[in-house]
Amino acid sequence: MGSYTISEEQNGLLLFTINRPEKRNAVNYEIMDGLEEVLSVAANKETKALVLTGAGDRAFCSGGDLSVFHKLRTADEAAVMLSRMAEILTRLLMLPIPTVAILNGTAIGGGCEIASACDFRLGRKGMQAGFVQGNMAITTGWGGGSILFEKLPSSIALKMLGDARLYSADELYELGFLDYLYDGDAMCQCISFLERMLDKETAVLSAYKQLVTKKWMASSLPERIAAEARNCATLWGEEVHHEKVAQFLKK
Ligand SMILES: CC[C@H](C(=O)O)C(=O)SCCNC(=O)CCNC(=O)[C@H](O)C(C)(C)COP(=O)(O)OP(=O)(O)OC[C@H]1O[C@@H](n2cnc3c(N)ncnc32)[C@H](O)[C@@H]1OP(=O)(O)O
């Protein structure tokens with residue numbers, strides 16, 4: 001089995017699963033390939049909604065794969081990876097169909113950024129999530145900060161990003177980051193959450209989604225996401241960031 005799976009589910013749902021539970025579903029280049037693939041499939045087939053989740057019950061996604069990306073030493077080297085993922089999250093954000101992140105477990109750093117790019121976030125009771133990039137002396141670098149400021153009140157978004165701490169599922173729901181808390185069968189709960197939307201014509205859902213994507217385009221959100229990646233790359237190249245990553249890898 002590869003690092004990800006793509007499956008067509010009932011009700012016209014397309015399901016992308018990060019399948020690296022042994023690495024807490026950390027994102028590597030293969031996962032980026034998979035996300036690019038599923039976004040192309042979702043844009044071209046009769047897909048009613050795209051759902052992202054992680055394999056196993058420990059993590060949705062633990063962000064960038066530090067054992068791979070710590071090899072990126074300079075700002076220029078980091079910018080290539082960060083910009084590619086920022087482009088992927090921009091495509092995910094702008095997809096003209098509903099998108100859902102099923103947070104089956106912990107979401108850390110870039111994992112929270114991926115979840116932010118989805119229209120809805122369903123959190124398993126007991127999960128935790130945190131934009132911990134600040135603890136690694138960098139910012140979000142895949143667009144998650146710019147997107148969070150679009151989706152949450154700026155005071156809440158800035159507190160979550162600046163505190164760089166883990167939040168409980170209940171806290172995340174109270175803050176408005178999670179749209180629904182579930183336990184039991186994740187896909188069953190996801191279909192129940194989407195049920196009334198899924199019986200609408202695709203054209204209706206697409207038209208509603210375009211009301212918000214046009215707003216984001218008008219406010220140059222894609223360009224702001226690209227600038228976020230470039231700014232993160234500058235911080236990435238600093239020695240303090242490399243020391244923080246080395247500490248994690250040594251543990
Ligand atoms: C722009 C995005 C940005 C970037 O790309 O740099 C980021 O995403 S920065 C944030 C990067 N992510 C992290 O800092 C998370 C690091 N991981 C953890 O904090 C924990 O692993 C946690 C909370 C996700 C899960 O903790 P738990 O105790 O359940 O598991 P372990 O820590 O024992 O980890 C199990 C196993 O997975 C490996 N692992 C976990 N996360 C990553 C990761 N992000 N990259 C690479 N590998 C990861 C960990 O090393 C263990 O491997 P093992 O071979 O068993 O030692």
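Every number for a ligand or one of its atoms is a count from 1 in the order of the listing.
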Among all the protein's non-hydrogen atoms, which is closest to [atom], and how far away is it?
atom: atom 53 (P) of ligand 1; answer: Lys23 NZ, 3.9 Å
atom: atom 46 (C) of ligand 1; answer: Asp65 OD1, 3.2 Å
atom: atom 32 (O) of ligand 1; answer: Lys251 NZ, 3.3 Å

Any N/O pair [X]/ligand 1 closer than 3.5 Å:
X: Trp236; result: no
X: Ser62; result: yes
X: Arg58; result: yes
X: Leu66; result: yes
X: Gly110; result: yes
X: Thr140; result: no
X: Gly111; result: no

Which option, [options], owns the non-hydrogen atom nearest [atom]?
atom: atom 3 (C) of ligand 1; options: Arg24, Gln133, Lys244; value: Gln133
atom: atom 5 (O) of ligand 1; options: Cys112, Gly56, Gly64, Gly105; value: Gly64
atom: atom 50 (O) of ligand 1; options: Phe131, Phe248, Phe60, Phe69; value: Phe248

Atom indices of ligand 1 within 4.0 angstrom of [X] heavy atoms, with elements:
X: Glu22; value: 36 (C), 37 (O)
X: Met136; value: 14 (O)
X: Gly63; value: 8 (O)
X: Ile108; value: 12 (N), 13 (C), 15 (C), 24 (C)
X: Glu113; value: 1 (C), 2 (C)

Determine whether any protein heavy atom is located less than 4.0 Å from [atom].
atom: atom 29 (O) of ligand 1; answer: yes
atom: atom 13 (C) of ligand 1; answer: yes
atom: atom 43 (C) of ligand 1; answer: yes

Pair [X], [Y]: side-chain N/O donor-acceptor within cut-off below 3.5 Å:
X: Thr53; Y: Asn104; result: yes
X: Thr140; Y: Glu228; result: yes
X: Ser206; Y: Gln210; result: yes

> Non-hydrogen atoms of Gln128 versus ligand 1: any pair closer than 4.0 Å?
Replying inline: no

> Do Lys71 and Asp65 sit within salt-bridge range, that is, some charged N less than 4.0 Å from a carboxylate O?
Replying inline: no

> Are any of the side-chain nitrogens in Glu36 or Arg84 under 4.0 Å away from the carboxylate oxygens of its partner?
Replying inline: yes

Where is the tightest heavy-atom contact between [X] and [Y], given as atom of each residue plus distance?
X: Met32; Y: Ile88; result: O-CD1, 3.7 Å
X: Glu77; Y: Leu72; result: OE1-C, 3.6 Å
X: Lys159; Y: Tyr167; result: O-OH, 3.8 Å

> Looking only at atom types and distance, does a side-chain atom of Ser62 sit under 3.5 Å from a main-chain N or O of Asn25, one as donor and one as acceptor?
Replying inline: no

>> Using modelled atom types and a 3.5 Å cut-off, is there a donor and acceptor pairing between side-chain atoms of Glu46 and backbone atoms of Gly12?
In response: no

>> Starting from Leu95, can I reach Tyr208 by hopping between I/L/V/M/F/W/Y residues whose side chains sit under 4.5 Å apart?
In response: no

> Can you list the other members of the hydrophobic cluster that holds Ile102, where links are side-chain heavy atoms under 4.5 angstrom apart?
Replying inline: Leu13, Leu15, Val51, Val100, Phe120, Leu122, Tyr180, Tyr182, Met187, Ile191, Phe193, Leu194, Met197, Leu198, Leu205

>> Under the rule for salt bridge (charged side-chain N to carboxylate O under 4.0 Å, His left out), what residues qualify as partners of Asp76, not counting sequence neighbours?
In response: none

